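Worksheet for the structure shown next.
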Amino acid sequence: MRKQEEVLTNIIKGEAQATLSDFNYITWFDPIEITEINGEEITIAHHNPFAKKQFEQRFHGNLREILMSNGFSNPTINYTLKKKSRPVKGAPEKATEAAAPVAEVVQRPKAISGDGLNSKYQFKNFIVGNCNDLAYNTAIAISKGPGRRYNPLFIYGGVGLGKTHLIQAIGNEAREKLGVKVRYLTAEDFVNDFLDHIRNKKSGFEKRYRSVDILIVDDIQFIAGKTSTQEAFFNTFNALHQQNKQIILSSDRPPTNIPTLTDRLRSRFSMGVSIDISLPDLETRCAIIESKANELGQNISREVVEFMAENIKTNIRELEGIINKLIAYVEMKGIEPTIDVVQIIIDNIKPAANKHFTPRQIIIKTAEFFNIKPDDITSPSHKNSLERQISMYLIRSELRLSFPEIARVINRKDHTTVMYGVKKIEKGIKLDTKLNEQITSIREVLYV
Ligand code: ADP
Ligand code: MG
């Protein structure tokens, strides 16, 4: 039997995983740890002061709700920092590498260190079914002979279907079996590293990416619309490809559907092989449930496994969240995982986070963030122009409305005003960290 604190940590994470957006779950909930439970008082530890403050300000309500749906009536939450803080900067390469399994989570979305691989993602714990067998077999082939065929490998598919798991597994396997040099990073990391290199005239950028045998870039769609980063990536890509070094990319859509990707980059991405991962079928869902339960040391009867697989048809990340929650729940209560218990868990999970919002909601959230009224943004006055431009920018970037459509929503006659505003913010976020942070915060609120 595990400690109560650990069980509660798992319950909270399971529920957050199933109900919050991916971004919010990974960034804010995944790294937390409950360090003490004392009646209605719980203590939660964060890995750094920034995460602690952000969590406290933004997710206190979510956490209370989760606690209250799990037997607490009026919980008090204390926020603290984790005791042992991990060396991040200036640590010798070896030490960082050894720390990789936890580091991925702990350091997100911070700078890159080590090779970015997380040892929890392996081929042996990747369940293969109709939805992913082609991707899996190609991944295995690449791990045995990187840079030969299938270069680049482009894996695409919806959220939570195993893209990161699979491309990380290639890196882990090749590093271990072939001893090759691998670097894994998200496209967001690449963009940040590139901007950092430009802004601070830091050297080593090119070498960092060109000296590897396998370069893995996750969620490459993120570089859409970022012209200078695309250029830098194009050059990196060519340099590696010419030397028969393996490039592996993942995206939420195929190269042809990534908007504002330069044609030459799109054609590079399509040079090797593009394979999609789709939603798992019933049989694969059963296998995943069994495997995850085994990992957690619980046996679930076949009948219960099938019941879960029939009732949870969403992606694998959500499935995993519900399994974690179920197991934590039965361990805490000391009961068996029966169909009735599963039913309670499923009924308790709130509908998945609403990822669809309207232009009006963007205006409302932007206004809330800056403490003004939504009408201030849509009024004909010239006041609050920054807030207005941020709204226009977000409507454009998140909902891809046309400039005339945005002009209508924002109550402007001339759509060139909108074009100007959007361009201004696009430029601004590259240079102005504060603006960039403000926009990131509003975007997160939209996706909660
Ligand atoms: P994506 O990158 O496509 O959003 P992830 O790779 O992050 O998805 O997968 C979400 C979660 O589901 C991870 O914890 C991962 O380990 C797990 N997962 C995904 N696919 C599989 C699979 N085929 N077998 C086992 N676990 C999987
Ligand atoms: Mg991913």
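What you see is a predicted model; the values in this text were computed from it and never measured. Atoms within a ligand are numbered from 1 in the order they appear, just like the ligands themselves.
Using modelled atom types, one finds no donor on one side chain facing an acceptor on the other under 3.5 Å when comparing Y156 with N257. Between the side chains of T186 and D189, at least one donor N or O sits under 3.5 Å from an acceptor N or O. Between the side chains of T358 and Q361, at least one donor N or O lies within less than 3.5 Å of an accepting N or O. Side chain to side chain, T433 and N436 fail the donor-acceptor criterion of an N or O pair below 3.5 Å.
Residue Y121 places a heavy atom under 4.0 Å from ligand 1. Ligand 1 lies less than 4.0 angstrom from a heavy atom belonging to G158.
For ligand 1, the polar-atom distance check against F126 finds no nitrogen or oxygen pair separated by under 3.5 Å. For ligand 1, the polar-atom distance check against I288 finds no nitrogen or oxygen pair separated by under 3.5 Å. Considering backbone and side-chain atoms alike, G160 places an N or O below 3.5 Å from some N or O of ligand 1.
The closest heavy-atom contact to atom 16 (O) of ligand 1, among the options E318, H165, K163, comes from H165. Evaluated by nearest non-hydrogen atom to atom 5 (P) of ligand 1, the leading choice among A135, P280, G162 is G162. Summarising the contacts of atom 25 (C) of ligand 1 with I167, N315, D30, N125, the nearest heavy atom is found in N125.
Between I316 and L161, the shortest heavy-atom contact is CD1-O, 4.0 Å.
Enclosure of atom CD in E56 by more than 12 non-hydrogen atoms of other residues, nucleotides or ligands within 6.0 angstrom is indicated.
The aromatic rings of Y136 and F126 lie parallel to each other, their planes meeting at an angle below 30°, with 60° marking the opposite boundary.
Only the side chain of N132 comes within 4.0 Å of ligand 1, counting heavy atoms alone; its backbone N, CA, C and O stay farther away. Residue K120 does not touch ligand 1, judged by heavy-atom distances below 4.0 Å.
Checking S250 against the Mg ion (ligand 2), every N/O/S atom stays at or beyond the 2.8 Å cut-off.
Checked against the 6.0 Å centroid criterion, the rings of F190 and F205 qualify as a close aromatic pair.
Residue V159 has at least one heavy-atom neighbour below 4.0 Å for each of these atoms of ligand 1: 4 (O).
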